[in-house]
Number of protein chains: 2
Amino acid sequence: MSEIRSPLRSGPRPGGRSLRVQEAVHAAVVALIEEFGREGLTVPQVAARAGVTPSTIYRRWSDIATLVSDVAQRNLRIDCPLKPCGRLSDDLPAWAEMYQDEMDSTPGRAMVRDVLRGWDGMQKACPLLDAVRPSIAMICDASSEPVNFDVEAVIDAVVAPLLTRMIFTDAPLASTLARDAAVAFVERHSPNASGSGRGQ
Amino acid sequence: MSEIRSPLRSGPRPGGRSLRVQEAVHAAVVALIEEFGREGLTVPQVAARAGVTPSTIYRRWSDIATLVSDVAQRNLRIDCPLKPCGRLSDDLPAWAEMYQDEMDSTPGRAMVRDVLRGWDGMQKACPLLDAVRPSIAMICDASSEPVNFDVEAVIDAVVAPLLTRMIFTDAPLASTLARDAAVAFVERHSPNASGSGRGQ
DNA sequence: CGTCTAAAGCAAATATTTTGCGTTAGAGAG
DNA sequence: CTCTCTAACGCAAAATATTTGCTTTAGACG
């Protein structure tokens, strides 16, 4: 198999001009948000900065919320610069803490907000969970002991409470919220768990 | 202490005209959404139906997303028509199933979407969790056995995974998702739990 | 190199949002 | 009860944003 010329194959006219326009528009959104903030960002502004006409943007993204949501998704890159040591009771809590720090920050929250503004209520809001699975899987794979749970269980136990409380709670999150959840989760699934224990 | 005359005390001019305007506007939003759907709903439309001028709406709510979000919050009334029998292993899963049915329905999802559109990323998106706590507390109170967990733990274990997967997942939810989570949760906290077991 | 078309440009037509200023309802004092 | 005072509303003009019909262009494919 020789190399594929076009890197994308989604739309009918993927390469060339369309791509350039998309990149220019995305770059303009990033630049303008960084410069003036998300508030008051308008399509004509973005169009001017990107060097395209507003109608181009309206036809492709329909409105500013969708566009910003699109950009936010592209830029969600919570890479996991984590070197698993092989012990789940260390690795999972460490990752959880890092993840919380990323998400519960000004840019993290802004990303979630922007992405959610473009959500239609039916299809998923964004590949946020997809972005997280590889990190969790990597940690599980690195475990020296057998793992008796799957990635989805980790999402339910540590990611879900974090996101839910970020979005639907007023008070600032306890800084160890995700870490604690991860610790409890690992404890619960360790082979020599004592059972019942205390709540939470 | 004698009775307070004004039922509201938030704004500087709470009763009378302001209140009438707010009610008319809210009613107009509800009616128009029911009639034509959320798509394409505009401030001028709402204003016309409510019998007020657009500028009134703009000054009070700033934009249609905020207004719709506001309305959605007022109408979130997931009442719990549930008669606890006193056994957590029955009551909690039953409630969880009912809750999922409410939330993962067309109107439920629309409500969450609308509410989230108005979220600013910092303060909580809506009192969704507050609305849920009383139901859980009622079930716990009705339990004939001692309860060794708190309401927040239930939110983390059953509500959070449900909401997170509704929002950040593509595939339709398993209809027993919340129920299963509740069953596992109760099991985990039952006095005679066997411990480790298999994950999820 | 020529054809064919999705996507971009352009500009006129609409629709919306913003704003300044006059008006009104209703709370509170006397 | 009447008077005063002001937050919130109405109105209309101005400023912006959005939609739309038609033309032009880039680039995929034969």
Side-chain angles (χ1 to χ4, degrees), chain A residues 2-29 32-33 35-71 114 117-118 120, chain B residues 2-29 32-33 36-71 117-118 120:
Chain A
S2 59
E3 287 200 51
I4 293 174
R5 192 77 62 84
S6 309
L8 272 174
R9 214 70 192 89
S10 51
R13 192 93 359 137
R17 186 162 63 158
S18 290
L19 189 74
R20 277 201 309 277
V21 167
Q22 174 182 316
E23 283 172 348
V25 169
H26 278 196
V29 168
L32 287 171
I33 286 182
E35 200 160 337
F36 306 109
R38 164 67 224 258
E39 290 309 300
L41 188 72
T42 65
V43 170
Q45 265 172 39
V46 174
R49 173 70 74 110
V52 302
T53 53
S55 61
T56 295
I57 294 181
Y58 286 120
R59 279 199 253 253
R60 246 170 98 163
W61 286 277
S62 79
D63 58 26
I64 192 80
T66 307
L67 171 57
V68 173
S69 178
D70 199 40
V71 171
D114 292 342
R117 290 252 172 94
D120 71 348
Chain B
S2 58
E3 288 199 51
I4 293 175
R5 192 76 62 86
S6 310
L8 272 175
R9 215 65 191 94
S10 50
R13 194 94 358 138
R17 186 162 61 156
S18 291
L19 189 73
R20 278 201 309 277
V21 167
Q22 174 182 316
E23 284 172 349
V25 169
H26 278 196
V29 169
L32 286 172
I33 286 182
F36 306 108
R38 163 68 224 258
E39 290 307 301
L41 189 72
T42 65
V43 171
Q45 266 172 39
V46 174
R49 172 70 75 108
V52 302
T53 53
S55 61
T56 295
I57 294 181
Y58 286 119
R59 278 198 254 252
R60 244 169 101 162
W61 286 278
S62 80
D63 59 26
I64 192 80
T66 306
L67 171 56
V68 172
S69 178
D70 199 40
V71 172
R117 289 253 173 91
D120 72 347

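Letters A, B, ... mirror the listed sequences (proteins, then strands); counts begin at 1. Just so you know, these numbers use all the heavy atoms, side chains as well, and skip hydrogens, waters and symmetry mates.
To the nearest 0.5 Å, atoms CG (B:L19) and CZ (B:R17) are separated by 12.5 Å. Taking CD of B:Q22 as the reference point, atom CG of B:D70 lies at 6.5 Å (rounded to 0.5 Å). Rounding to the nearest 0.5 angstrom, the gap separating the CG atom in A:D120 from the CZ atom in B:R117 is 7.5 Å.
Remark: B:T42 is in phosphate contact with C:dT16, judged by side-chain N or O atoms under 4.0 Å from OP1 or OP2. Contact between the side-chain N/O atoms of A:R60 and the OP1/OP2 oxygens of C:dG9 is not found at any separation under 4.0 Å. Put simply, B:T56 has a side-chain N or O that comes within less than 4.0 Å of OP1 or OP2 on D:dG10. In this structure, B:Y58 reaches the C:dT17 phosphate: one of its side-chain N or O atoms is under 4.0 Å from OP1 or OP2.
In this structure, B:W61 atom CH2 and D:dA8 atom C1' are separated by 11 Å, rounded to whole Å. Here the P atom of nucleotide C:dG9 and the CZ atom of A:R17 are 6 Å apart, to the nearest Å. In this entry the distance linking CG of B:L41 with C1' of C:dT16 reads 13 Å, nearest Å. Taking atom CD of B:Q45 as the reference point, atom P of C:dT14 lies 18 Å away to the nearest angstrom. Rounded to an integer number of Å, the gap from A:E23 CD to C:dA7 P is 16 Å.
Between the side chain of B:S55 and the base of D:dC9 there is no donor-acceptor pair of N/O atoms closer than 3.5 Å. Counting distance only, with no hydrogens placed and no angle test, the side-chain atoms of A:R59 and the base atoms of D:dT19 include no donor-acceptor pair under 3.5 Å. Looking at B:S18, its side chain has no donor and acceptor atom pair within 3.5 Å of the base of D:dC9.
Residue-environment remark: CD (A:E35) exceeds the threshold of 12 foreign heavy atoms within 6.0 Å.
Each of B:R20 and B:D63 lies near DNA chain C, and the nucleotide nearest B:D63 is the one positioned closer to the 5' end.
Side chains of A:T56 and A:T53: a donor-acceptor N/O pair is present below 3.5 angstrom, by distance only.
Checking D:dG27, C:dC10, D:dG10 against every side-chain atom of B:V52, the shortest atom distance belongs to D:dG10. Which of D:dT18, D:dC9, D:dG10 sits closest to the side chain of B:T53 comes down to D:dG10. Set against D:dA17, C:dT16, D:dA26, the side chain of A:P44 has D:dA17 as its closest nucleotide.
Nucleic acid contact for B:G40: none, since no nucleic acid atom lies under 4.0 Å from a heavy atom of the residue.
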